[in-house]
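Inspection log for the structure reproduced underneath, given as structure tokens.
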Amino acid sequence: MEGYNSVEKIFSKNAIKALKDSLNKSNENEIFWGCNLDESKQLIDSVETIFFGSNHSVLFDKKNAIKYDLVLHNHPNNIIEPSEEDQIIAHSCINMAVGFAIIDNELINCYVIVPPKSIVKRKKVKDLEVEKILKNPSQSLLDILPNYKIRESQIELSKLIQNIINDDKVGFIEAPTGIGKSLAYLIPSFLYIKKNNVKIIVSTYTKNLQNQLIKKDIPSVIKILNQNISVEVAYGRQNYLCLLSYSNFKENFNFLFYESIESEVMQQLEHWVKKTNNGLLLELNGNYEKRVIDEIRSNSNLCLSTKCKYFNECFYYNARRRLNNADIIVANHHLLLSYELNEDFSDFFPIYNTIIFDEGHNLPDVIESISTYTFSTFEIQKKLYKLVQISNKKKGLLQLLDDNLSKSNLQNSTAGKKILRLSEDIQKQIVELQQLVSNIQNLTTYEIMNIINSYKSENSKLKVLVNLTDLTKKNPEILKKIFDSLVETFDNIKLFTDSVSLLLGILEILLDKGEDSELELSFLQYLYGNIKSIVRFFLNINDFYHEFQKLLENSQKVEKYLKVLWFEINNNIIDFYFYNEEKGLTFNDIIQTKAKSSIFISATLATENSFNYIKEQLTLKEDIKKNSIDRIFPSIFPYEKNSSFFIIKGINPLDRSSYKNNISDIILQVLSYTKAKTMILTTAYSDINDISEAVKKNNKEIKLLVQNTNSINNSLLDEFKKDSKSVLLVNMGFWEGIDLIGKNLEILIISKLPFKVPDTPILKARTERMDNLGQNSFFKLSLPYAIIKLKQGFGRLIRSEDETGICILLDDRVISKNYGYLILDSLPKAKIEIIEKEQFLNKFIERCKELEI
Ligand code: SF4
């Protein structure tokens, strides 16, 4: 189909008729059509008009185009040579794996510039190929994995994944710990890549799994299959050093708007810049202040791309070139979706055939976070200071602009005068804004403090959350008062954004003039990039303001998708948040149009034997949900024999008065008896405080290692592994993603069922929407979340077939509430021991002995 063709040869009769009809309506104007091939993939059978344009131009919308096999465009002058614009479109089509062709208005000739990908018949991987590798392990496999055991379930899983890839399907798979899921998906992926020369993306959530894939699993499979597969790890743009920004920084750091930076620091940095091969800022290991790193990292607003003098040696673009050449790309969910869900950056990842979301249960949280825009009063001040400095010794960007202008002839030109006037106006606006932002940082009106007090979070007296969306119904008067206290600041931000945008427009014209602009080009580029990034920041604030106004008018009621606004006050700094559900819906495009096949896999993906919860959370379209291949593989560890799951009657976290004493009591009994490695998983800092207080008071010999951040603290984990007497007391961050193998963990205490805090603004809005629709939000939202989290937590205990362990749950709602059985049914089948508090210790000792713990 490539090159020149007669229209009759490659279009069906129906398609030609449809083309004629729309050409008749077009009045000799340009048109874009979206076309699809017939089943034989050799003939264009369906044609839909996507856009009508003028007689010389038409809009091209990538989002719409990606749905089709081929985008077709007409040239009314009947010359079907591609213009420069057509070549740009062709390039986009290549990136989207969509074909592109031009026809004349007489429907005689068609020039296929990019052939549709789907006409390339892909070869399938045969069952036997996968089976042979795993069932008859070669010597190289046994050399690489000396403990390899043939497992029917792993072979079955691998074949299932192979079929999903072969047949372009979507699959949801729960694969238990120990089944060897990485190997099971890597083998068919590698075989498919080799047969078809396509790319596969493996996306993970935790760094641990990503490291395991890169350092262990992928190199092992490469050796086992003896195949030449190239692998790249994807890092976001901001992880790379920008050589242009660095050269500007080097020139200006002394007199610009920085607090002094020691020359020794600059020398070290220079040394690193000269020797680094990949420019990855992660190599700097946190040895430099964030303000320094922020100035030298690659930034899409500042990037000049092909116009940059460093383009050929650019670390970021070189990394993109390597991604384009890779067979397998390893990414993390956050990075992948930040790019794929953002239309402006959706061509960051090259075309891929398959996407494998390992640890897929985390995707909804990632999508939620990407769909939430946030800014703080601190950031506003920082941006303003970047433009204007108050100190006499330092200068902001606008002050530098004034200086540079006054040294050039440009100051007398119309553009120069306009810039000076605008700069003066903006500087005045900034002074006013700085004052207003300081004022709102001290929200002191009586009414607002009242609200704030009623929203105070339980765990921190310093942190206050105000849910604006919630106030719409609960207290519109207070909402109005809060709005009134912010309105002047937001109005000023709006005016200020308009002025800075005007300035940006003039700078853009000067930049287009290049060397003729009379301002030093690299300064102009630096100034333009920085101001552009500031404008984007403030435009997002204006969006928040707009939504806030809609809340007041109650016009959000008619919105189809959830929008939630809130702010938090933390040590006098206000952080504003705006969640927009609509953004996450584009996830469907990845599954439906970008990837030919997608696999969601995790040890904890299903609840109540189904994937309904995860599918709902991903807001997948009905046809994807209905047509997916779903499979739950049973546990492979002998939980019944190797582990116990204690539930102690009468301990209920909702009974605050006795709960604290009860859990401390049981924990002290356990820790006083056993020397086995123990981890206590909690859901709140208050539990950590209560437990550590009780342990310190009653048994000074116990060494508690307490987590005080929300993420996994690797040094704490290392200390726990090394120190045989230590007990790990940790928060939500440790419920997943850690591997404490063998004797490193034998007793697991879970303080309570891990329900999500119901007051978080997004959950609250979702719950209300469900309740309004007559659905049971507890069973559809809160419970499945807790089940998945509990499965993750419990999954820390047994990491291999011959391990033993005891889990103690200090929350009897699993037996006292009607939903309890749904939780227990979802857990691996350990020996469940429901017991009175008084009898616990004896039974625990007995079971420890049986299990040789
Ligand atoms: S191409 Fe962009 S990222 Fe690379 S050095 Fe130039 S400005 Fe920086």
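Order of appearance sets the numbers: ligands from 1, and atoms from 1 within every ligand. Remember, it's a predicted structure, so these values are computed and weren't measured experimentally. Excluded from the calculations below are hydrogen atoms, water molecules and symmetry mates; all remaining heavy atoms, backbone and side chain alike, are included.
With 3.5 Å as the limit, one finds no donor-acceptor pair spanning the side chains of R321 and N324. Side-chain N/O atoms of Y246 and E270 include a donor and acceptor closer than 3.5 Å. Side-chain N/O atoms of T206 and E359 include a donor and acceptor closer than 3.5 Å. For the residue pair S499 / D425, no side-chain donor-acceptor distance below 3.5 Å is found, with atom types taken as modelled.
In this view, T204 satisfies the side chain to side chain donor-acceptor pair (under 3.5 Å) rule with no residue, not counting sequence neighbours.
Protein contacts to atom 6 (Fe) of ligand 1 involving N, O or S atoms at a distance below 2.8 Å are C308 SG.
Ion pairing between a basic and an acidic side chain is recognised when a charged N comes within 4.0 Å of a carboxylate O; E295 and K386 show such pairing.
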